[in-house]
Amino acid sequence: MILYVRFRLPSLQEAGGVEAVLPALLGLIEEISPVVQALPPDAALVDVRGAERYFGRDAAQLASLLRVRALAHCGVDCAIGAGPNPMLARMTAREAGPGTTRVVAEGEVAGFLADKPVAALYGTGPATARTLCSYGLDSLGRVAAAPLAVLQRIVGARAGRELWERARGIDRTAVVPNAAVRSVAAERSFTRDELDPVRHRRALLSLAEELGMRMRGESRVCRSLALTVRYADRSTTTRARVLREPTAHSATLTDAAYRIHESLGLQRARVRSLALRAEDLTPAERAARQLTFDPADERSRRIEAVADRARARFGPQAVVPGSLAA
DNA sequence: TCTGGGGTCCTAGGACCC
DNA sequence: TCTGGGGTCCTAGGACCC
């Protein structure tokens, strides 16, 4: 069986940072089963099939054990869903109240799913649910009874196959321990709709600094950068660029962000927020940085390394780019 | 209960190369 | 020399999850 554990973490303010709590909780889970996939900020998937044999206890008993330990060691309560696969564990957890475990066993799957609305299926959101309902497929039982070819015609070949399987309780995904992050992003919202390109650039600079710092902190570099502009009517435009070389260097990211921003030509556009995403992350040691012989470039990288160390010691506000200070 | 901010993955079309 | 078909990469956008 698979467990989906959702912790009831205290709010950020009183806890002094959630980052400190989740690792400790994951450590407790690992004492029960090593196959743990963290789902920050407050949840985890656990494959307990090995643990059930090893400890001679069923999933519900292991869930109770976990709850008692989380309360005793961290003072944190949790809601737990247990099912034959990750999808069912997640769906079951939605129905588990605080401090309880809800179990759906192999033989109960069809009954568990049949009367649910299609939107309750993991992986089916409002858009697909609307489409399915317009064909009269308004319950998972009806979707499960529909021929595969019909579902594929409605939502596409691949999505149709997945829908057909999921509505039958089939989920081929596995619990993947420490899956590496694929991208990092941050967003800056303006207090009012902002037309001023200078303020846009200040936001971009601050975003590039933040993403660069986060990547350098984890020894990762990104291959491409995407800028999303959200307008006053809440619509968005996204533009992505592949970088000349993978990097976590803030100055390079800032340059790239400025260029994408310019390419959008946002004259008179009322911009509500700007979001920058660093994509295709890879470990920094694997990135073959071209040798540059530009002393100014080398100098800026050295300054950046010093600034990172200062921030690590004195906090994120210790070093701020000149145009963002005060 | 809703919102918003961060994530993931998929699709489709065009460019380019072989 | 021309044509065609298949990969792969890039880009934009959509859907979904927590």
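Numbers restart at 1 for each chain; the letters A, B, ... are given by sequence-line order, proteins then strands.
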Listed nucleotide nearest any side-chain atom of A:Thr237, set C:dC10, C:dG13, B:dG7: C:dG13
OP1 or OP2 of C:dG13 under 4.0 Å from side-chain N/O of A:Arg239: yes
Considering all heavy atoms, the nearest A:Glu194-A:Arg199 contact: OE1-CD, 3.3 Å
Nearest to side-chain heavy atoms of A:Arg241, which nucleotide of C:dT11, B:dG4, B:dG5: C:dT11
G-U wobble or Watson-Crick pairing nucleotide for B:dC16 (cut-off 3.5 Å, both distances): C:dG7
Nearest-nucleotide pick for A:Ala127, side chain only, options being C:dC16, B:dT8, C:dA12: C:dC16
A:Arg223 side chain near C:dC9 phosphate (N/O to OP1/OP2, under 4.0 Å): no
Below 4.0 Å: OP1/OP2 of B:dG4 and any side-chain N or O of A:Ser189: no
Gap between atoms CG and P, on A:Leu163 and B:dC10 respectively (whole Å): 15 Å
Ring-face cation of A:Arg166 near A:Tyr122 (centre distance under 6.0 Å, axis angle within 45°): no
Minimum-distance nucleotide to A:Pro126 side chain [options: B:dG6, C:dC18, C:dC16]: C:dC16
Donor-acceptor contact present, side-chain A:Thr247 to main-chain A:Leu243, <3.5 Å: no
Polar pair under 3.5 Å, donor/acceptor by atom type, side chain A:Arg277, base B:dG7: yes
B:dG5 OP1/OP2 closer than 4.0 Å to side-chain N/O of A:Arg272: no
Side-chain donor/acceptor of A:Asp171 to backbone N/O of A:Met87, under 3.5 Å: yes
Residues, nucleotides or ligands: over 12 heavy atoms within 6.0 Å of A:Phe55 CZ: yes
Under-4.0 Å side-chain N/O to phosphate OP1/OP2 contact, A:Ser273 with B:dG5: no
Among B:dG6, C:dC18, B:dC10, the one nearest A:Tyr4 by side-chain distance: C:dC18
Rounded interatomic separation in angstrom, taking CG from A:Leu225 and P from C:dC10: 14 Å
Candidate nucleotides B:dT8, C:dC17, B:dT11, ranked by approach to the side chain of A:Arg158 - the nearest: B:dT11
Any A:Thr124 side-chain nitrogen or oxygen under 4.0 Å from OP1 or OP2 of C:dC16: no
Length of the line joining A:Leu281:CG and B:dC9:P, which is rounded to integer Å: 13 Å
For atom CZ of A:Arg94 and atom P of C:dC16, their distance in whole Å: 12 Å
Out of B:dT11, C:dC18, B:dG4, whichever nucleotide has its closest atom nearest the side chain of A:Arg90: C:dC18
A:Val242, nearest nucleotide to its side chain (from C:dC10, B:dG6, B:dC9): C:dC10
Residue A:Ala186, side-chain atoms from C-beta onward, closest of B:dG7, B:dG6, C:dC18: B:dG6
